[in-house]
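In what follows, a structure is listed as structure tokens, so that the remarks can point back to it.
Residue numbers count from 1 along this sequence.
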Amino acid sequence: MILETERMILRPWEESDAQDLYRYASNPEVGPIAGWPVHTSVENSREIIRDVLSAPETYAVVLKETAGPGAETGHAVGSIGLMIGKASNFGLPDTEGEIGYWIGVPFWGRGLIPEAVREMLRYGFEDLKLSKIWCAYFDGNEKSKRAQEKCGFVYDHTNADVYWELMDDIRTEHVSCLTRERWKEMQGV
């Protein structure tokens, strides 16, 4: 499946994206705040593509020429995905999903992630017929919080003192949700 927005193509990850993935995922400002370790080599990134990013409904964020100055046209600069039902971190029913995303530091503050999230919401609610889509961010990740708010997610609850295995630490996670009904209202449907 390939999804498209005005400035991006969302497509499945390929092993040939390993160099691009490493370029952005090796920055310590990206992974740890999102809950995953810094990538240590191109080969490490290739393994992550094979073992993690090859999951269903997980997409490379690839910029089009319309993305503006400095755009890495045709290159993967981030990731977005829907984890449906039991594949989510929340153990959801099969009618619900969890959205996760990140983008490389040079592309922060350009509205790219909200644009990608809006397309994933459309896909999740219209094509996959999900009833709710959940999203979460860890304490301190204000950029993720703002992206969720821009896309209409509503705060639901906080999970304090959660052991996060990928980082081997304890975190506080803030969880928000968007229902299909609220999303439709936002679309004027």
Closest heavy-atom pair and its distance - [X], [Y]:
| X | Y | answer |
| --- | --- | --- |
| G100 | M83 | N-CE, 4.4 Å |
| I103 | W108 | O-NE1, 2.9 Å |
| A34 | F138 | O-CE1, 3.6 Å |
| M8 | L63 | CG-CD2, 3.7 Å |

Within the structure provided, determine whether [X] and [Y] are in side-chain contact (heavy-atom separation under 4.5 Å).
| X | Y | answer |
| --- | --- | --- |
| V117 | F153 | yes |
| P37 | M167 | yes |
| Y59 | Y123 | yes |
| P12 | M1 | no |
| V38 | N27 | no |
| R122 | L3 | yes |

* To do: Please work out whether the ring planes of H157 and W134 are parallel, tilted or perpendicular, with thresholds of 30° and 60°.
  =>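 Perpendicular: the ring planes of H157 and W134 meet at over 60°.
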* Flag if over 12 foreign heavy atoms under 6.0 Å of CD, E142 ->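 Counting neighbours around CD of E142, more than 12 heavy atoms of other residues, nucleotides or ligands fall under 6.0 Å, so yes.
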Between the side chains of [X] and [Y], does any donor sit under 3.5 Å from an acceptor?
| X | Y | answer |
| --- | --- | --- |
| S144 | Y101 | yes |
| D169 | Y163 | no |
| S79 | W13 | yes |
| H174 | T158 | yes |

Is [X] salt-bridged to [Y], cutoff N-O under 4.0 Å?
| X | Y | value |
| --- | --- | --- |
| E115 | R110 | no |
| D17 | R11 | yes |
| R50 | E43 | yes |

